[in-house]
Amino acid sequence: MAVTVETLEKLERKITLSLPVTLIQSEVDTRLKRLARTVKMDGFRPGKVPMNVVAQRYGYSVQYEVLNDKVGEAFATAANEANLRVAGQPRITEKEGAPEGQVTFDAVFEVFPEVKIADLSGAEIEKLSAEVTDSAIDKTVDILRKQRRSFAQRAQGAAAEDGDRVTVDFEGKIDGEPFDGGKAEDFQFLVGEGQMLKEFEDAVRGMKSGESKTFPLAFPAEYHGKEVAGKTADFLVTVKKIEAAHLPEVNDALAKSLGIADGSVDGLRADIKKNLEREVKFRLLSRNKAAVMDALVAKAELDLPNASVQAEIARLMEGARAELKQRGIKDADKAEIPEDVFRPQAERRVRLGLVVAELVRANELQAKPEQLKAHIDELAASYEKPEDVVRWYFGDRQRLAEVEAVVIENNVTEFVLSKAKVVEKAVSFDELMAQQQQG
């Protein structure tokens, strides 16, 4: 088999493949004979259909299959011999004017690029650190108490305060006309907890049971109800009941109700601290990993294979359509979504994937079995039956591959931080939590 390789531009290559017609015909004959043994046709017993009839009926499709298979094999062999790392599928077209007794094809394809990573010691990376303080534990205890609060009706004449549960009737109108969702009876919400728009809460705060009030409310421009977004409504609200919240005391009874083994407040705080420290560790790792990946993208020089970018765009579009479908959007799978919306994200992902793969290959940063086990043990630690979670991960190759990818990223993060100029920055627990939510 004669093979030539041409460089077209950047990552694009062309291989010309020549195959003997006799090789194709021999394989076609073999497959037709095999087919003749089992094929069923009217007027013939199974296995007794004459070869010329089988060839007439199936010859074209069998020849098409054989050509596909043989050209595919020839391409794989040629690419392997030339030490080419092929990105995506080749575009194969038959050439005119092949020598007698030969069929000739052009295979145009892309190869993966050479990845050049600049000296990482010149990269400056901000590395965050944070601690779980007593104040963070106190806040978590308060959240747990709120989740178990009870309510009792306030005395007649008492005004609604933050934390109270109020029962109201309300009706809103825009330019004197009612609108969908603008009216409710016996509606309950907690004052001061952001369950209602601020102007609504401000109006109800300080009102007494039996009181009514009219007030204007400006809906934000980005409000989810499109028909009222950016408009101002006049609301009439009547308070029917005000209930004060009662939070359980922080005592052994609360600890026991939360499933703390020794049923003590100290045990409860220690358990909260352990869980928060695990959360802080994962959030710091995520934030520092993102900073490392940004530095890697900035330090790497490479051309991107279009085939890989297109494949990533297709994945992102599929994910977007699945999300639209989940939100109940009709015909989400047919939604017109411009490719360019996803191109920057796809290009970054492909670039990062190639850079990380090169770092892993060059520095042997693959995930070791003991690292996989340690990471899965850590993930399972917060569950009631950790051993079941560990079995769940190890029982599925796909789940294990996902964990392996995370461990490799962690290895890359540690490696880059060990080489780069690291700027340590301590942040508060609250800052870290807020950053993660925004990100």
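The basis for the numbers below is simple: all heavy atoms, side chains too, and nothing from hydrogens, waters or symmetry mates.
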Would you call Arg145 and Asp142 a salt bridge, taking side-chain N to carboxylate O under 4.0 Å as the test?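 Answer for the salt bridge query: yes.
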Answer with yes or no whether the side chains of [Y] and [X] bring together a donor and an acceptor at under 3.5 Å.
{"X": "Asn410", "Y": "Gln371", "value": "no"}
{"X": "Gln25", "Y": "Asp29", "value": "yes"}
{"X": "Ser264", "Y": "Asp262", "value": "yes"}
{"X": "Arg321", "Y": "Gln326", "value": "no"}
{"X": "Asp106", "Y": "Thr93", "value": "no"}

Ring centroid separation for Phe170 and Phe200, is it under 6.0 angstrom?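 Under 6.0 Å, so yes.
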Would a distance-only check, ignoring hydrogens and angles, find a side-chain to backbone donor-acceptor pair under 3.5 Å from Glu110 to Ala307?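 It does hold such a pair.
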Given 3.5 Å as the limit, does a donor-acceptor pair link the side chain of Asn363 with the main chain of Leu365, or not?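 Such a contact is absent between Asn363 side chain and Leu365 backbone.
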For the residue pair Tyr60 and Tyr64, does the interplanar ring angle fall in the parallel (under 30°), tilted (30 to 60°) or perpendicular (over 60°) class?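 Ring orientation of Tyr60 relative to Tyr64: parallel.
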Does the side chain of [X] reach to within under 4.5 Å of the side chain of [Y], using non-hydrogen atoms?
{"X": "Leu84", "Y": "Phe112", "value": "no"}
{"X": "Glu131", "Y": "Phe429", "value": "no"}
{"X": "Asn306", "Y": "Glu347", "value": "no"}
{"X": "Leu254", "Y": "Ser257", "value": "yes"}
{"X": "Glu114", "Y": "Leu302", "value": "no"}
{"X": "Lys33", "Y": "Met51", "value": "yes"}

Is the terminal nitrogen or CZ of Arg165 (NZ for Lys, CZ for Arg) located under 6.0 angstrom from the six-membered ring centre of Phe151 and within 45° of that ring's axis?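 The answer is yes; both the distance and angle limits are met.
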Please report the shortest heavy-atom distance between Glu409 and Lys289, naming the atom on each side.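 Nearest pair, atom of Glu409 first, then Lys289: OE1-NZ, 3.3 Å.
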Just wondering, more than 12 heavy atoms not from [X] lying within 6.0 Å of its [atom1]?
{"X": "Asp388", "atom1": "CG", "answer": "yes"}
{"X": "Tyr383", "atom1": "OH", "answer": "no"}
{"X": "Arg57", "atom1": "CZ", "answer": "no"}

